[in-house]
Asker: 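My questions will all concern the structure given below.
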Amino acid sequence: MSTEFTVQIASDTAALRACWPVMRQLRPHLDEAGFLEQALRQQSSCGYRIAYASEGVATSTTPVRGCAGFRVTEFLAWGRTLYVDDLVSDEAHRGQGVGTVLLDWLVAEARRAGCAQLHLDSGVQRFGAHRFYLTHGMDITAHHFRLEL
């Protein structure tokens with residue numbers, strides 16, 4: 001029997017805090033306070049939002065099973081784009097469809113926002129995530145480079 005998930009936006013600090021146990025699996029360099037501070041700052045500065053999935057009807061006590069940080073922005077290269085900063089499902093609940101539910105929700109949100117494309121970067125070591133993205137019709141279109149300052 002498949003699990004039903006509800007996706008909603010983390011619109012306050014309590015909802016962001018509920019996302020932390022899952023988000024820390026993707027962002028272990030942050031602690032909870034740092035995550036909350038960074039997420040709130042990005043919300044006010046660049047339109048960052050976190051969508052999260054819970055089993056069944058979400059309440060304040062329903063555990064988060066997956067979350068996705070994203071923003072709608074524009075690039076000369078791609079036009080209006082939904083960029084996914086973070087996409088993670090709880091390790092203990094992977095394979096239950098939460099990642100697919102979140103990715104489908106993100107695609108629908110991109111369409112609602114009039115985006116031409118959806119983009120994300122994924123660490124080179126995240127082989128399972130890469131299989132997931134390729135299985136869901138995404139293409140590898142670039143290499144991402146960085147310079148530590």
Side-chain angles (χ1 to χ4, degrees), residues 1-12 14-30 32 35-36 38-43 45-146:
M1 184 171 184
S2 67
T3 304
E4 295 290 324
F5 296 99
T6 302
V7 177
Q8 55 191 3
I9 297 293
S11 57
D12 58 29
L16 288 171
R17 189 171 275 116
C19 291
W20 170 243
V22 176
M23 189 63 81
R24 75 173 170 209
Q25 296 171 32
L26 182 64
R27 304 292 179 222
H29 64 284
L30 295 172
E32 184 177 12
F35 161 71
L36 291 171
Q38 183 78 27
L40 291 167
R41 185 171 55 250
Q42 287 179 205
Q43 282 179 346
S45 70
C46 61
Y48 177 79
R49 295 181 287 165
I50 294 180
Y52 65 96
S54 302
E55 289 183 42
V57 178
T59 68
S60 60
T61 59
T62 307
V64 171
R65 297 298 186 222
C67 48
F70 68 99
R71 63 189 87 211
V72 173
T73 189
E74 296 204 27
F75 298 88
L76 286 175
W78 309 318
R80 189 168 176 83
T81 299
L82 188 143
Y83 184 83
V84 181
D85 293 71
D86 322 283
L87 179 56
V88 60
S89 35
D90 186 16
E91 287 176 331
H93 299 281
R94 289 194 183 139
Q96 296 179 2
V98 68
T100 298
V101 166
L102 281 168
L103 187 57
D104 289 349
W105 186 92
L106 290 164
V107 168
E109 181 66 13
R111 288 186 174 126
R112 280 189 294 274
C115 295
Q117 300 181 25
L118 180 146
H119 283 252
L120 61 79
D121 288 324
S122 181
V124 295
Q125 77 286 2
R126 299 192 66 226
F127 302 115
H130 303 162
R131 281 190 298 276
F132 174 80
Y133 301 139
L134 292 167
T135 298
H136 286 81
M138 297 187 82
D139 296 317
I140 300 170
T141 61
H143 291 282
H144 177 94
F145 296 90
R146 78 170 181 203

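Keep in mind it's a predicted model, so treat the numbers as computed, not measured. Position 1 is the first residue of the sequence, and the numbers go up from there.
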Asker: Could you pull out the closest heavy-atom pair between Asp90 and Gln25, with the gap in Å?
Answerer: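 Reported closest heavy-atom pair: OD1-NE2, 2.7 Å.
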Asker: Got a sec, which residues hit salt bridge (charged side-chain N to carboxylate O under 4.0 Å, His left out) with Arg94, two or more places apart in sequence or on another chain?
Answerer: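 Testing Arg94 for salt bridge (charged side-chain N to carboxylate O under 4.0 Å, His left out), a comparison that skips the adjacent residues, returns none.
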Asker: I need the minimum non-hydrogen distance between Leu87 and Arg126, along with the two atoms involved.
Answerer: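 Result for this residue pair: O-NH2, 4.0 Å.
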Asker: Could you tell me which non-hydrogen atom of Leu120 sits nearest to which non-hydrogen atom of Tyr83, and how far apart they are?
Answerer: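 What the structure gives for the nearest pair is CA-CE1, 4.0 Å.
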Asker: Between atom NE2 of His119 and atom CG of Leu82, what is the distance when rounded to the nearest 0.5 Å?
Answerer: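 Separation between the atoms: 10.0 Å.
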Asker: What's the shortest heavy-atom distance between Gly114 and Arg80, and which atoms?
Answerer: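 In terms of heavy atoms, the two residues are closest at O-CD, 3.5 Å.
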Asker: Suppose we screen for side chain to side chain contact (heavy atoms under 4.5 Å, CB included). Which residues come up paired with Ala15, at least two apart in sequence or across chains?
Answerer: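 Partners of Ala15 by the side chain to side chain contact (heavy atoms under 4.5 Å, CB included) criterion, ordered by chain and then number, come out as Ala10, Asp12, Tyr52.
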Asker: If you compare all heavy atoms of Gly69 against all heavy atoms of Ile50, which two are closest, and at what distance to 0.1 Å?
Answerer: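 Closest approach of Gly69 to Ile50: CA-CG1, 4.1 Å.
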Asker: Which residues satisfy the salt bridge (charged side-chain N to carboxylate O under 4.0 Å, His left out) test with Arg24, sequence neighbours excluded?
Answerer: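 In terms of salt bridge (charged side-chain N to carboxylate O under 4.0 Å, His left out), with neighbours along the sequence ignored, Arg24 is linked to no residue.
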Asker: Between CD of Gln117 and OG1 of Thr141, what distance do you get to the nearest 0.5 Å?
Answerer: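 Atom-to-atom, Gln117:CD and Thr141:OG1 are 8.0 Å apart.
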Asker: Roughly how far, to the nearest 0.5 Å, is CZ of Phe35 from CE of Met23?
Answerer: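 Answer rounded to 0.5 Å: 5.0 Å.
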Asker: State, yes or no, whether a side-chain contact exists between Ser89 and Val22 at a heavy-atom distance under 4.5 Å.
Answerer: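 With C-beta onward as the side chain, the pair stays apart.
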Asker: Using only atom types and a distance under 3.5 Å, with no angle test, would you say the side chain of His130 pairs donor to acceptor with the backbone of Gly123?
Answerer: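 Between the backbone of Gly123 and the side chain of His130 there is a qualifying donor-acceptor contact (under 3.5 Å).
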Asker: Among pairs that include at least one residue of residues 102-115, which meet side-chain hydrogen bond (donor to acceptor under 3.5 Å, both in side chains), considering only residues two or more places apart or in two chains?
Answerer: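 Non-adjacent pairs meeting side-chain hydrogen bond (donor to acceptor under 3.5 Å, both in side chains): Arg49-Glu109, Glu109-Arg112.
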Asker: Kindly write out the residues that satisfy side chain to side chain donor-acceptor pair (under 3.5 Å) with Arg146, not counting sequence neighbours, or none if the list is empty.
Answerer: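 By the side chain to side chain donor-acceptor pair (under 3.5 Å) rule, Arg146 matches Glu148.
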Asker: If you look at every heavy atom in Val64 and Ala18, which pair is closest and at what distance?
Answerer: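 Taking every non-hydrogen atom into account, CG2-O, 3.5 Å.
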Asker: What is the distance from atom SG of Cys67 to atom CD1 of Ile9, rounded to the nearest 0.5 Å?
Answerer: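 Taking SG in Cys67 and CD1 in Ile9, the distance rounds to 11.5 Å.
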Asker: Quick one: side-chain hydrogen bond (donor to acceptor under 3.5 Å, both in side chains) pairs with a partner in residues 68-79, sequence neighbours left out?
Answerer: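 As it turns out, the side-chain hydrogen bond (donor to acceptor under 3.5 Å, both in side chains) pairs with a partner in residues 68-79, which skip direct neighbours, are Arg71-Asp85.
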Asker: Taking the side chain as every heavy atom from C-beta outward, state whether Gln43 and Leu16 have any atom pair closer than 4.5 Å.
Answerer: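 Yes, side chains in contact.
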Asker: Within the 4.5 Å heavy-atom criterion, are Leu102 and Phe5 side-chain neighbours or not?
Answerer: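 Side chain of Leu102 against side chain of Phe5, heavy atoms only: no contact under 4.5 Å found.
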Asker: In terms of relative ring orientation, are His136 and Phe132 parallel, tilted or perpendicular, with 30° and 60° separating the classes?
Answerer: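 His136 and Phe132: tilted rings.
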Asker: Any non-hydrogen side-chain atom of Ile140 less than 4.5 Å from a side-chain atom of Leu134?
Answerer: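 Result yes, sub-4.5 Å side-chain heavy-atom pair found.
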Asker: To the nearest 0.5 Å, what is the distance between CZ on Arg65 and OG1 on Thr6?
Answerer: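 One gets 12.5 Å once the value is rounded to the nearest 0.5 Å.
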Asker: Show your working on side-chain contact (heavy atoms from CB on, under 4.5 Å) between Leu30 and Trp20 and close with a plain yes or no.
Answerer: CA-CA 10 Å; Leu30 295 172; Trp20 170 243; 4.1 Å; yes
Asker: Taking Thr81 for the side chain and Gly79 for the main chain, is one N or O donor matched with an acceptor at less than 3.5 Å?
Answerer: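 Answer holds: yes.
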